[in-house]
There are 2 protein chains.
Amino acid sequence: MSDLLERLRGRGWRMTAQRRVVAEVLDGEHVHLTADEVHSRAVAKLPEISRATVYNTLGELVSLGEVLEVSTDQRAKRYDPNAHQPHHHLVCARCGAIRDVHPVGNPLADLPDSERFGFTVSDVEVTYRGVCPNCAAA
Amino acid sequence: MSDLLERLRGRGWRMTAQRRVVAEVLDGEHVHLTADEVHSRAVAKLPEISRATVYNTLGELVSLGEVLEVSTDQRAKRYDPNAHQPHHHLVCARCGAIRDVHPVGNPLADLPDSERFGFTVSDVEVTYRGVCPNCAAA
DNA sequence: CACTTACTTTGGACAATGTCTAATTCGAGC
DNA sequence: GCTCGAATTAGACATTGTCCAAAGTAAGTG
Ligand SMILES: [Mn+2]
Ligand SMILES: [Mn+2]
Ligand SMILES: [Zn+2]
Ligand SMILES: [Zn+2]
């Protein structure tokens, strides 16, 4: 994660204990935390960090393109540090577990012109749903 | 829409003015209204209908499989009467316009076993994003 | 190192969306 | 027309997120 912090400092980001902690919490693979989850974990490392700062920092990381906002359910937005490799998501319908996945082919090509209604289509977002091995065993 | 009302009556649905109005509001193609929008339009036809009833009725229609809940943005859920023909969505990033689309091929087949993490994958949801002709012209 | 200043953080008010409940009303079968 | 279980209602409450004015601080300057 010092990669990320270095890059951010290079972009003129003022470094604070709060921002360092948020960046630390977001480290890892298949990480898709809600703002509230980020806040809880951040508080464990820096008890005085406020909810507003977590929201501010997440918003900035998204603006900078260093974190993605994903919404796999209609509850809270989730924050995804895997911003530099395009991917989609596989979600367990029972427990909510989320994995990053890389389907083959280009889903954009699957939308015929006759189904584009004159839109300029530039992006596609795919969410697979199913049951994870843990939940299937239970 | 009397199709829908007939079907619902057949399923033992008690018919009320409120439910009739909600069903009327949801009639049409490419309809994807929020609960609040449904409420506004319902109030225009039946001024005393309450917010709670709109939420209740929409929830029941979803449970009955007569209306789909779609979330194309991370704001409010949208309610879609086109529940009997599987489809995906094309969304204008500027104005939020939503069209029903039918991509070719089976997107489920595009997810290799090596990318399934042991999940039993049963469903996929695709959202295309772009700019609609109206917004492109402006 | 101390100073300065613009940037950051903070608590709490506020907003948007949705859920729940207890009291009242009502549809529809008899 | 009655009756009764089902539906409606207003409003309290919950969750998620935004905004603001006041206080604190990172980091460049000399
Ligand atoms: Mn991801
Ligand atoms: Mn639709
Ligand atoms: Zn699971
Ligand atoms: Zn548009």
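Per chain, numbering begins at 1; letters A, B, ... match sequence-line order. Here the structure is a predicted model, which is why all the values come from computation and not from measurement.
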*Rounded to whole angstroms, how far apart are CD on B:Gln18 and P on D:dA10?*
10 Å
*Looking at residues at least two apart in the chain, or sitting in another chain, which of them share a side-chain hydrogen bond (donor to acceptor under 3.5 Å, both in side chains) with A:Glu60?*
A:Arg19
*asked:* According to salt bridge (charged side-chain N to carboxylate O under 4.0 Å, His left out), does anything in residues 83-102 of chain A pair up with another residue at least two apart or in another chain? List the pairs.
replied: none
*Roughly how many Å is it from CD in B:Glu60 to P in D:dA7, rounded to a whole number?*
6 Å
_Contacts of A:Tyr128 that satisfy side-chain hydrogen bond (donor to acceptor under 3.5 Å, both in side chains) - sequence neighbours left out_ = none
*asked:* My understanding is that only residues two or more places apart in sequence, or in another chain, count here; which of them pass salt bridge (charged side-chain N to carboxylate O under 4.0 Å, His left out) with A:Asp123?
replied: none
*asked:* So does B:Leu64 get a backbone contact from the side chain of B:Arg11, meaning a donor-acceptor N/O pair under 3.5 Å?
replied: yes
*Between A:Glu69 and A:Arg78, is the closest basic N to carboxylate O distance under 4.0 Å?*
no
*Length of the CZ-P vector between B:Arg11 and D:dA6, whole Å*: 18 Å
*Please write out which residues are connected to A:Ile98 in a hydrophobic cluster, directly or through intermediates, given that two of Ile, Leu, Val, Met, Phe, Trp, Tyr count as joined at side-chain heavy-atom separations below 4.5 angstrom.*
A:Val91
*Excluding sequence neighbours, so at least two apart, what forms ring-ring contact (aromatic ring centres under 6.0 Å, His included) with A:His39?*
none
*asked:* Taking ring pair (Phe, Tyr, Trp, His ring centres under 6.0 Å) as the cut-off, I'd like each qualifying pair that reaches into residues 59-101 of chain A, sequence neighbours left out, listed once.
replied: A:His32-A:His89, A:His87-A:His89
*Hydrophobic side-chain clustering at under 4.5 Å (ILVMFWY, transitive links): who's grouped with A:Val70? Put none if nobody.*
A:Leu68
*Would you mind reading off the distance between B:Leu8 atom CG and D:dA7 atom C1', rounded to a whole angstrom?*
15 Å
_Outermost nucleotides of DNA chain C that come under 4.0 Å of a non-hydrogen atom of chain B_ = C:dA16 to C:dA28
Under 3.5 Å, which N/O atoms of the protein pair with N/O atoms of nucleotides 26-29 of chain D?
| unit_1 | atom_1 | unit_2 | atom_2 | d |
| --- | --- | --- | --- | --- |
| D:dA26 | O3' | A:Met15 | O | 3.3 |
| D:dA27 | OP1 | A:Met15 | N | 2.9 |

*side chain to side chain donor-acceptor pair (under 3.5 Å): which pairs involve residues 105-118 of chain B, sequence neighbours left out?*
A:His102-B:Glu115
_Let me spell it out: for each of A:Asn56 and B:Tyr55, pick the nucleotide of DNA chain C with the closest heavy atom. Which residue's pick is nearer the 5' end?_
A:Asn56
*With a 4.0 Å heavy-atom cut-off, tell me which residues in residues 39-54 of chain A come close to DNA chain D, sorted by residue number.*
A:Arg51, A:Ala52
